[in-house]
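Order of the sequence lines sets the chain letters (A, B, ...), proteins ahead of strands, with each chain counted from 1.
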Amino acid sequence: MAPVQADRPPPESPALIPAPEPARPPKAAPGRRAAAAREPTSTLPVARVHVDVPLPHLDRPFDYLVPTAADDAARPGVRVRVRFAGQLVGGYLLERVASSGHDGRLAFLDRVVSPEPVLDPDVARLARAVADRYAGTFADVLRLAIPPRHARVEGEAARDPATGAPPEPAAPPAPAAPPVPAAPPVPAAPAQPAQSAAGDGGWGNYRAGPAFLRALGDGKAPRAVWAALPGEDWPARFAEALGAVHAAGRGGLAVVADARDLDRLDAALTATLGPGRHVALSAALGPAERYRRFLAAARHRVKVVIGTRAAALAPVADLGLVAIWDDGDDLHAEPRAPYPHARQVLLTRAELAGCAALVGGFTRTAEGQQLIEAGWAHELGPDRAVVRVHAPRVAPAGDDAELARDPGAAAARLPTLAWRAARSALGAGAPVLVQVPRRGYLPAVACARCGAPARCRHCQGPLGLPSATGIAACRWCGRAAADHKCDVCGDRRMRASVTGAGRTAEELGRAFPGVPVRTSGRDGVLATVPAEAALVVCTPGAEPVAAGGYGAVLLLDSWALLTRADLRATEEAVRRWFAAAALARPAGAGGQVVVMADGGLAAVQALLRWDAGWLAARELAERRELGFPPAARIASLTGAPDAVADLVDAVALPPAAELLGPVDAGDGQERLLVRTSRATGAALAAALKAGAAVRSARKATGPVRIQVDPLDLL
DNA sequence: TCAATCCGTATC
DNA sequence: ATACGGATTGAC
């Protein structure tokens, strides 16, 4: 007879309802009654489990048998422990199914850790999409999405998530979803009084504003990119938008950049929805409180969730709206693998849920502009006439501006214009905001004549000075900039753009004797200041809100922000200027802004006209020309040189993928960029993931960090 | 010819 | 990580 190259057992149907027999005890130790006695459940005996291992080639579900004893607890979303490759590992139960496609023997679930479903099916779908988009693993995304378990919190009776007080009459039992609160208050009118001196129409100040709010209330899915007016009480607007979907019985989710913004939104939501209708999630909470609030969302005890970046992955029932404020803030970029950006997570979520989306800020990012130009979202902006009513008067004072003759002001290197603006505001009893760049910017290279950042002739990357004496070289592809010529004016001379020197509060104090000086910065951020004459010195991002607005806002050393060696230097500078300038009184009430940069620069023009959309359109057009995100897709691979090379070998790059570099990334590491078109972005991520899987399967040494569309392209 | 050992690969 | 299958080795 001819023994066919043995297919082991007869190829019968793949393990349908497997015989109880495979429940043999491990290790041939016949003493383990517990294991031997287990039988699979009669219905849906197979659990699809995602094991919590970091290896890319194991990033898929594995099937396990559900023992009868665990039948009730083994529901989708619960944490389980399973034996995987000989050891016990944690995992999440994704779903129960009737049969497995796996044609080997199935092991039993070791145990259900807790009957609490912490992985919402919608979040599971989202996490898969985010992992795919960023060439990362499901497990990595879940680590960001689900806080560590806190057993005591899980056991305690449900509390009021906002106050921590025990619930009103009777706490609903944990596993059952409690009923939605009967009649949530309908925020027909803004709960907050108008704060702007120039009359405040809330969403009515924006062309499509009322229609947007109405659509939210009608359960539709409008999508908008919103450029806020100066002085806008954005937390109140966000609260109204979230309130509108809440009133329609649906859930809402909003993400902000930092704890200060979160506190403001939290307060506005409490005013609009009443206490206990929402939770605020942030990494700053302790483990117990963090898990307590997460559970309030997961159990659907609240339908509105706000928080910092990780909250973009929080469970929200029947999602009606996702929103993000100030999407240009780099805090929205997650620093842990797979490095997702909160904006991208929320937009993906809006797609999956078919819900509304709101991307808001005083400025607009190139990504926001892309959403508008692609027709994905509507533009939500004010009429020019409304802008004129709300905007402060903005004046540029360039590098060559005349220094104030007043000795104190000269010592503080204040131009006359700035000094006068400050003096007149203080004289009127109003506070003055002084924004000073943080110190320590990378030495970049700019055109000596026009100041435009110098770019590589080959790949358009930014030029930098590797060392104080070295020759300028591209920070991306590493090529030396031999015969550089400025793209803008053609000049051949270059200069190092100096690092921003911190102006001290004392210097300013001397310029205005007798005026109190407050500071707000890294160590000690002020949330608000009173409406009285004072100098408020802050670093970008730490601007306190002034009751009634600032009489003057001085943006010092603004040019230093513009010449940073960063793709987003202009966008970032403008974002910081707008954030500060938005706190000034309207021009009609004497509000003035002085920006220390050349009035001819586009960034300064945008501020003068309070037109962030115009700048964003220019910015996006430029990115398109240069082949930068969001017009193109770029992935960066960082690691030891041989490890990076090994990964590139293992990856079947899409055709037309372009390699830039590698360049030295310090610490014996190097960085390689891969550029493709936007349309090829998904294929690029999939290819990189597959390459990483091949490497991890063959236990390749030397990790390589893969980042898709990293913020810092240096 | 068989058992001990090594190596590569899959991990339900 | 570990456990298994198949290949390899070496002693009888």
To the nearest angstrom, how far is A:R698 atom CZ from C:dA1 atom P? 18 Å
As a test of understanding, state which of A:V82, A:D110, A:D52 forms a side chain to side chain contact (heavy atoms under 4.5 Å, CB included) with A:V89. A:V82
Residues forming a ring-ring contact (aromatic ring centres under 6.0 Å, His included) with A:F62, sequence neighbours excluded: A:F84
Among residues 138-146 of chain A, which ones have heavy-atom contacts with DNA chain B below 4.0 Å? none
Counting only pairs under 3.5 Å, give me each side-chain donor-acceptor contact of residues 644-657 of chain A, with atom names and distances, residues two or more places apart or in other chains.
residue, atom, partner, partner atom, Å
A:D646, OD1, A:R698, NH1, 3.4
A:D646, OD2, A:R695, NE, 2.7
A:D646, OD2, A:R695, NH2, 3.4
A:D646, OD2, A:R698, NH1, 3.4

5' to 3' contact window, DNA chain B with chain A (heavy-atom distance under 4.0 Å): B:dA10 to B:dC12
With A:F138 via ring-ring contact (aromatic ring centres under 6.0 Å, His included) - residues at least two apart: A:H50
Rounding to an integer number of Å, can you tell me how far A:Q87 CD sits from C:dA1 P? 8 Å
How close or far is atom C1' of C:dA3 from atom CZ of A:F84, stated in whole angstroms? 12 Å
Test of understanding: with side-chain hydrogen bond (donor to acceptor under 3.5 Å, both in side chains), list the residues that count as partners of A:D120, not counting sequence neighbours. none
Which residue pairs pass the ring pair (Phe, Tyr, Trp, His ring centres under 6.0 Å) test with at least one member in residues 664-702 of chain A, sequence neighbours excluded? none
Contacts of type side-chain hydrogen bond (donor to acceptor under 3.5 Å, both in side chains), residue A:D72, not counting sequence neighbours: A:R75
Give the table of side-chain donor-acceptor pairs shorter than 3.5 Å for residues 318-325 of chain A, with sequence neighbours excluded, one pair per line with atom names and distance.
none

